[in-house]
Protein chains: 2
Amino acid sequence: MTDTMISSRSTEVVIGFEQPFAVIGERINPTGRKLLAEEMKNGDYSRVEADAVAQVAAGASILDVNAGIPLADEPAILAESIRLVQGVTDVPLCIDSSIVAALEAGLAAYEGKALLNSVTGEEERLEAVLPLVKKYGCAVIAISNDDSGISEDINVRFDVARKIVERAQDFGIPVSDVVVDPLVMPIGAINTAGRQVMELVQRLRSELKVNTTCGASNLSFGLPNRDGLNTAFIAMAIASGMTSAITNPLHAAIMQSVQGANVVMGHDAECANWIAANRDPNVAGRERKGRRGGRRGRG
Amino acid sequence: MTDTMISSRSTEVVIGFEQPFAVIGERINPTGRKLLAEEMKNGDYSRVEADAVAQVAAGASILDVNAGIPLADEPAILAESIRLVQGVTDVPLCIDSSIVAALEAGLAAYEGKALLNSVTGEEERLEAVLPLVKKYGCAVIAISNDDSGISEDINVRFDVARKIVERAQDFGIPVSDVVVDPLVMPIGAINTAGRQVMELVQRLRSELKVNTTCGASNLSFGLPNRDGLNTAFIAMAIASGMTSAITNPLHAAIMQSVQGANVVMGHDAECANWIAANRDPNVAGRERKGRRGGRRGRG
C-alpha cells in the first residue's frame, strides 16, 4: 500500500492503491493548441483559467500545467500560469516541462506539494531534476525511458523505472513520492501495447510498490474513435492497478468509465459518488423529501 | 491456453484465452418479459426470431435461449425456439434452463455442439446434467454455487468450481468443455463484488485453466445508470482474463467497450475490426479508392 500525497494551499489529494483513481487534467498545454500558445505568449491567460475551472468541474483531481511554447520565455510563462491557476482552483498541480529551468520556476511559484512532470532515466535529467524534487519536497513522475530511448521490451522499461526509483532514494526521496509512467505505446503500431501496460503496472505495483500514471490517450494514436478506445483502456488500466492518468476530463465517457471503475474496484464507498452522479433528478427529489438529514451526495 | 469450441450447423466459435471476447446474447429469455412469455406460450415465436437476428447483427457471437415460462411446457417451447432460432441465424446457441428435461429437449433439437446453461455444484444437478453433457458432447456453464447456496467467500466459490470441473472429468468431460461462472454479486450490496470477480477469474484461469463467463449486468443491480457501470465492468473483467459474458448486445456502449477491450488485449489483429466498426464513411470512401484489393473490413 503506497500513498503519494500532493497538495495545494488547502487541499490534499492522495494517489494510492486504495484510493479513487486520480484524473490529472491534461488541457492546459499549448502543444498542438495554436490559439492557446499565442495567447499565453502574449500574456493572455484567460483560456488557461477557464480550462482550469472547467476541468475541475468535470472531475479532475489534479491539473497538469504545461507552457511549452517555442521561442517563448517558458519559465516565466509556466510560473505565471501556475500562480493564476492556483488563484482560480484549489486542486494540486502537476508542473510539466521538458526544460529544467521551467520546472524550477514552476516549483518556486507553487504553493503546496506539487507533482513534477517529469524525470526520465536519462543521466542528465536524473542529475538535474532529482535535486529539485528533494529541494522542494515534491513528488515526481518517472518516465520509463533512458539514454537509449524507449524500449519495446517491457523488462527494459521496468528496469529503467527501478533505476529511477533507486536513484531517487539516493537523493533521499521516498518511493512514495515517485509515480511511474510505464509509457503507453500506440496499439495501432504495436499490437501488444495494451498488455504491456497492464503487465508493467502490475509489476510496478507488486515489485517496486509505486503508484503509476500514464498518458492514457497515447494508446489510441492514429485510430478512429479514440475516445471509445480510451474509455475501455482506462477501465482496464485501473483493473490492472493503475492509480492515476493524465487525460482529458472534459470527455464525459472517459470520466464515466473512471467513476464506474472506482465502483468496481470498491473505491466508491456504498457507491455514493456513482449514485450522486447518476441519480434521476425526479427520483432524487422524492428521496430527499423522504430522508432529511441523510448523507448528502454531490448531485 | 484453453479453447472451448462450440458450433452450429456451419459455424464454429471458440471461447479462449487468446480469442476475441465472446458475447452471449441474453435477450431470448421470457423472465421479466411478459409479452414475450405470453407469445411463446401461445406458439408465436416471431419476437424470438427477431431478437435472434437483431442480437447477431449487433455483434453477439453466441445466443442464449431460455423458455422459462411458469405453467408452460418448457421442454417443448425450448426445443421449438431452438429449431426456429437455428433457422434464422447461424451462430451457436447456449441452451438455458433450470429444468433438466428442458435442457435435454433443447439438446435433442439442436444441430451442432451447444453450450449448456447450466450445471451447479449441487449434487442433484451434477448427477442430472453432467450425463447429458457427456451424452451430447456439448460444453457446459458451471455456476459456482452448491447445496449450501452462494458463498460470499471467494475461496468457497473457487472450491465449488474446482469440484464441478473434477466431477465433469469423472464423467469424461474435458476441462476445456467447462466454462465457469464465478457469480457476479450486486456491488450496491457487496462493495467487494467487482474485485471478487476479477480475482476469481484470474485464479480460475491460472489454476483451473478454464474459460469463464458471467451474467455481467448482475453487478449493477439496484444502481442508477446500469449500462454505464456495466460498460466499465465488462472491460475490467476482460482485463482480468474473463473470456465470455451473457449480456445484452443491443446496448451499443457495452459492445463498444468489448470491441475496445479486444483491441487492448491484442485480440483484434491490426485493429482491423475496430477500424472497420469506427471508420468515418467519407474517409473510408477515399481510402477504398486508394487501396483496391486490400483487406476488407466489416464496415
Side-chain angles (χ1 to χ4, degrees), chain A residues 184 186-198 201-202 219-220 222-242 252-272 274-280 283-284 299, chain B residues 184 186-198 201-202 219-220 222-242 252-272 274-280 283-284 299:
Chain A
V184 176
I187 201 160
I190 300 174
N191 190 247
T192 55
R195 290 171 90 146
Q196 284 187 349
V197 173
M198 292 191 284
V201 166
Q202 284 162 6
L219 189 92
S220 61
L223 292 173
N225 188 8
R226 294 187 64 177
D227 279 358
L229 188 51
N230 296 344
T231 297
F233 171 62
I234 205 160
M236 297 171 82
I238 295 171
S240 306
M242 182 92 76
I254 287 172
M255 289 308 285
Q256 180 172 283
S257 192
V258 168
Q259 289 168 347
N262 284 336
V263 173
V264 176
M265 295 298 284
H267 294 158
D268 181 1
E270 296 178 41
C271 309
W274 182 265
I275 292 169
N278 292 287
R279 189 180 280 158
D280 175 337
V283 175
Chain B
V184 176
I187 202 160
I190 300 174
N191 189 248
T192 55
R195 290 172 90 148
Q196 284 188 348
V197 173
M198 294 191 284
V201 165
Q202 285 163 6
L219 189 92
S220 60
L223 293 173
N225 188 7
R226 294 187 64 177
D227 279 357
L229 188 51
N230 296 343
T231 297
F233 171 63
I234 205 158
M236 298 171 81
I238 295 171
S240 305
M242 182 93 75
I254 288 172
M255 290 308 285
Q256 180 172 283
S257 192
V258 168
Q259 289 168 348
N262 284 336
V263 173
V264 176
M265 295 298 284
H267 295 159
D268 181 0
E270 296 176 43
C271 308
W274 182 265
I275 292 168
N278 291 288
R279 187 179 281 158
D280 175 336
V283 175

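Each chain gets a letter, A, B and so on, in the order its sequence line appears, and its residues count up from 1.
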Atom group of A:L229 that falls short of 4.5 Å from chain B, counting heavy atoms: both
Contact leader toward chain B among A:L219, A:L223, A:I234, where contacts are heavy-atom pairs under 4.5 Å: A:L223
Residue among B:G194, B:A237, B:S240 with most heavy-atom pairs under 4.5 Å to chain A: B:G194
Side-chain donor-acceptor pair present, B:Q256, A:N225, cut-off under 3.5 Å: yes
Shortest non-hydrogen contact between A:S257 and A:A235, atoms and distance: OG-CB, 3.6 Å
Taking every non-hydrogen atom, the tightest pair across B:A239 and A:A239: CB-CB, 4.2 Å
Heavy-atom contact with chain B under 4.5 Å, split by part of A:D268: backbone
Residue among B:G188, B:A261, B:A253 with most heavy-atom pairs under 4.5 Å to chain A: B:A261
Heavy-atom closest pair, residues A:M265 and A:I238: CE-O, 3.5 Å
A:I187 versus chain B, the contacting section by heavy-atom distance below 4.5 Å: both
Heavy-atom pair with the smallest gap, counting every atom of B:S220 and B:R226: OG-NE, 2.9 Å
